[in-house]
Amino acid sequence: MNIKSYAADCPDYRYLFEGDNPIPVEKITKRFKDRLEMLQKLIQDYKLDNECSVNPGLLETAVMDYFADIKRLKDFHGSEHIQYDKIYAYESYWLLRNHPIQLKAECALEDDKLHINEFIISYMYIRLLATELEYRVEADIQVDNLVRKLEHSEFTIELRRKLYYAFRYCTFTAQTILFAFESYLAAAQFTLQVT
């Protein structure tokens, strides 16, 4: 991923590296590599690597779109940092818009996985939200294998199904995804603290 040449070729992204709070190239490159690795791992975990792959160019565009959106938010609100649930919501929105996971020509997926981006991304953000929740409650509550337990709980499985459905059939924005993520974190945090 050559961010500087990408920005030079596309004037829409040039402002990311200018002004009072430029975004470091290393930060964008790291996010690209992290998400590429995470998407590839999920594709392997669900044994879909013969059916699809991550298109680096589309992922690069999604990452750049995400950072452009976040920079606008930071500049508008005068914020230096963004909360993780907001990061995940905006990032998932741009990944879903850009469809970086592409089906292979010889693909023979079942109907329930045919919308591969929506399928994988719904799993990816459940995992990220569970990890965030573990971080938020670890000082108050000690639960062994919390991320794994959350990923496999009925509550989380139902949320993932609803996300997958919404990502396929409903109109959504980064803000509506954020509301869903915040609601999940609040409900799960409350449940963990009262049990």
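Note: hydrogens, waters and symmetry copies are ignored here, and every other heavy atom, side chains too, is used. Numbers for residues simply follow the sequence, beginning at 1.
Among all heavy-atom pairs drawn from Ser122 and Arg160, the shortest one is OG-NH1, 2.9 Å. Closest approach of Pro100 and Leu39 over heavy atoms only: CG-CD1, 4.4 Å. Minimum interatomic distance between Ala174 and Ala89 (heavy atoms only, all atoms of both residues): O-CB, 3.6 Å. For Phe172 against Ala166, the heavy-atom pair with the smallest separation is CD2-O, 3.7 Å. Closest of all the heavy-atom pairs between Tyr88 and Leu129 is CD1-CD2, 4.0 Å. Scanning both residues, Glu60 and Phe32, for their nearest heavy atoms gives N-CE1, 3.7 Å.
Taking OG1 of Thr156 as the start and CZ of Arg161 as the end, the distance is 11.0 Å to the nearest 0.5 Å. Here Asn117 contributes atom CG and Leu103 contributes atom CG; the two are 8.0 Å apart, rounded to the nearest 0.5 Å. To the nearest 0.5 angstrom, Lys71 atom NZ is 12.0 Å from Met64 atom CE. In this structure, SG in Cys52 is found 4.0 Å from CD1 in Ile116, a value given to the nearest 0.5 Å. Separation of atoms CD1 (Ile101) and NE2 (His115) is listed at 13.5 Å; rounding is to 0.5 Å.
Remark: the Arg97 side chain and the Tyr93 side chain contain an N/O donor-acceptor pair separated by less than 3.5 Å.
Looking only at side-chain heavy atoms (C-beta outward), Lys27 and Phe67 come within less than 4.5 Å of each other. Contact annotation: the side chain of Ser53 never approaches that of Ile43 to less than 4.5 Å [non-hydrogen atoms, C-beta and beyond]. Residues Val63 and Leu95 have side chains not in contact (no heavy-atom distance under 4.5 Å, counting atoms from C-beta outward). Counting heavy atoms from C-beta outward, Arg31 and Tyr66 have side chains that approach closer than 4.5 Å. Taking 4.5 Å as the limit, every side-chain heavy atom of Arg35 sits out of range of all side-chain heavy atoms of Val54. Side-chain contact check for Lys86 versus Glu91: every heavy-atom pair is 4.5 Å or farther apart. Contact of the Lys104 side chain with the Glu51 side chain is not registered, since no non-hydrogen atoms from C-beta on lie closer than 4.5 Å. Counting only heavy atoms from C-beta outward, the side chains of Leu59 and Asn55 never approach each other to under 4.5 Å.
We find that Arg127 and Asp45 are joined by a salt bridge, their nearest charged nitrogen and carboxylate oxygen being less than 4.0 Å apart.
Cluster partners of Tyr169, by chain and number: Tyr165. The rule joins Ile, Leu, Val, Met, Phe, Trp and Tyr whenever side-chain heavy atoms lie under 4.5 Å apart.
Open room surrounds OH on Tyr84; 12 or fewer heavy atoms of other groups in view lie less than 6.0 Å from it. Annotation: Glu37, atom CD; neighbour count of heavy atoms from other residues, nucleotides and ligands within 6.0 Å does not exceed 12. At most 12 non-hydrogen atoms from other residues, nucleotides or ligands lie less than 6.0 angstrom from NZ of Lys162. Around CD of Glu154, the count of heavy atoms belonging to other residues, nucleotides or ligands within 6.0 Å does not exceed 12.
Using the six-membered ring where Trp is involved, Tyr123 and Tyr46 have ring planes that are tilted, between 30° and 60° apart.
Under the side-chain hydrogen bond (donor to acceptor under 3.5 Å, both in side chains) criterion, Gln175 pairs with Tyr90, Thr173, sequence neighbours left out. Annotation: ring pair (Phe, Tyr, Trp, His ring centres under 6.0 Å) contacts of Tyr184 (sequence neighbours excluded): Phe155.
Residues Phe181 and Ile82 are members of one and the same hydrophobic cluster, defined by side-chain heavy-atom contacts under 4.5 angstrom among Ile, Leu, Val, Met, Phe, Trp and Tyr. Both Leu42 and Leu48 are members of a single hydrophobic cluster when ILVMFWY side chains are connected at heavy-atom separations under 4.5 Å. Both Leu73 and Leu16 belong to a common hydrophobic cluster when Ile, Leu, Val, Met, Phe, Trp and Tyr are linked at side-chain heavy-atom distances under 4.5 angstrom. The cluster map of Ile, Leu, Val, Met, Phe, Trp and Tyr, joined by side-chain heavy atoms under 4.5 Å apart, puts Leu36 and Met124 in the same cluster. Linking ILVMFWY residues whenever their side-chain heavy atoms come closer than 4.5 Å, directly or via other members, leaves Leu178 and Leu163 in distinct clusters.
No donor-acceptor distance shorter than 3.5 angstrom exists from the side chain of Asp85 to the backbone of Glu182, with no hydrogens or angles considered. Remark: side-chain polar atoms of Thr61 are paired, donor with acceptor, to backbone N or O of Gly57 under 3.5 angstrom. With hydrogens and angles ignored, the 3.5 Å screen pairs a side-chain donor or acceptor of Asn98 with a backbone N or O of Trp94.
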